[in-house]
Amino acid sequence: MLEARLEQANLLKKVVDAIKDLVQDCNFDCNDSGIALQAMDNSHVALVSMMLKSESFSPFRCDRNIALGINLTSLTKVLRCAANEDILTLKAEDAPDVVNLVFESAESDRLSEYDIKLMDIDQEHLGIPETEYAATISMPSAEFQKICRDLMALSESVSIECTKEGVKFACSGDIGSGSVTLRSHTNVEKPQLNVEIDLSEPVALTFSLKYLVNFCKASGLSEQVRLCLSNEVPLLVEYALSNNSYLRFYLAPKIGD
Amino acid sequence: TPFQNNLGEYYTLV
C-alpha cells in the first residue's frame, strides 16, 4: 500500500496547477523511491516529468509499484478543498480503485477526507537519455516568466541564442520585434537573483512561446529555473524542489521555415 | 510559420 504524508498541501497544489493545462489524465507512478509522473501533451510537442522523492514526504511508505491513473481536473477539484498549510496524506491500496486524500489542519482538529476514482490510463512513455547540454542557464524563474509573457505579446515563437556574451531571447512579429539579453550575474546578498550561464558551445534554437508561458506556471515552486539547451534536441526547463525532487518540462524545438 | 517538431522524433517510446 501507499501512504505518503506531505507537510504542506501547497506543494502538490502548485505542481498540479502548473501541469493541468498541459496534460489531463496521467499516471502517478509510486514506488519506494517516491512518486513520479511523465506525460506528453496531446500534440506530443511538450512533456512533463515530475519526481517527488520519498524524502519529500514524512513518512513515506510504498511496498510495491502502484500506478495511480488520475484525471488532473478531478484532482484539482479535490486539492482546492485543502488549505495551503494543511498536512496532506495520500493513501492507496495495492490494487486500488481510488486514491484517498486526507487534509489535516495543523492548527485545529479539522480532518477532511476525499476519495478520487482512478482511471486505467495506457500512457506512452518516452525514454529521455542523459544529455550533456551545450548550454545551461540558471536564472530567476520570475524573470523567465516575464520574458516569455512579454515576448508573447509580439510573436508566437522565441529564439534562444546562447553565446559567451550571454543569452538572448528574441522574437519578431507583425507589429515589430523585441529581445532581452541576460549576462552572468552574481548577487551575493540575493543569490536567488543570480544568472549563471554554463556554455560549452554556442546554441540557437526556436521555441513556441505558448508552451513556455505554460511551463512558467511552475514559477511559484522555485525561485530559480534552469534551461538546458543543445542544438537539435528538446529544451529542458527545470524547477528544482527540495530533497532532489523536481518538475521538468521538455519542449521540442521549432524547425524549418 | 515555422513547423513545430514532435518529441517522438528525439526520444523513443519505452
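For the numbers below, each heavy atom of this structure counts, side chains included, while hydrogens, waters and symmetry mates do not. Reminder, nothing fancy here: chain letters follow the sequence lines and each chain counts from 1.
At most 12 heavy atoms of other shown residues, nucleotides or ligands fall within 6.0 angstrom of atom NZ in A:K168. The environment of CD in A:E93 is sparse: at most 12 heavy-atom neighbours from other residues, nucleotides or ligands sit within 6.0 Å. Remark: A:D21 CG is packed, more than 12 non-hydrogen atoms of other residues, nucleotides or ligands lying under 6.0 Å away.
Atom CD1 of A:I255 sits about 4.0 Å away from atom CG of B:N5, to the nearest 0.5 Å.
With a 4.5 angstrom heavy-atom cutoff, A:Y250 touches chain B via backbone and side-chain atoms both.
Nearest heavy atoms, B:N6 versus A:S43: ND2-O, 3.9 Å. Of all non-hydrogen atoms in A:V45 and B:L7, the two that sit nearest each other are O-CG, 3.4 Å.
Looking at heavy atoms from C-beta onward, B:L13 lies out of side-chain contact with A:H125 at the 4.5 angstrom threshold. A 4.5 Å side-chain heavy-atom check between A:P253 and B:Y10 finds at least one atom pair inside the cut-off.
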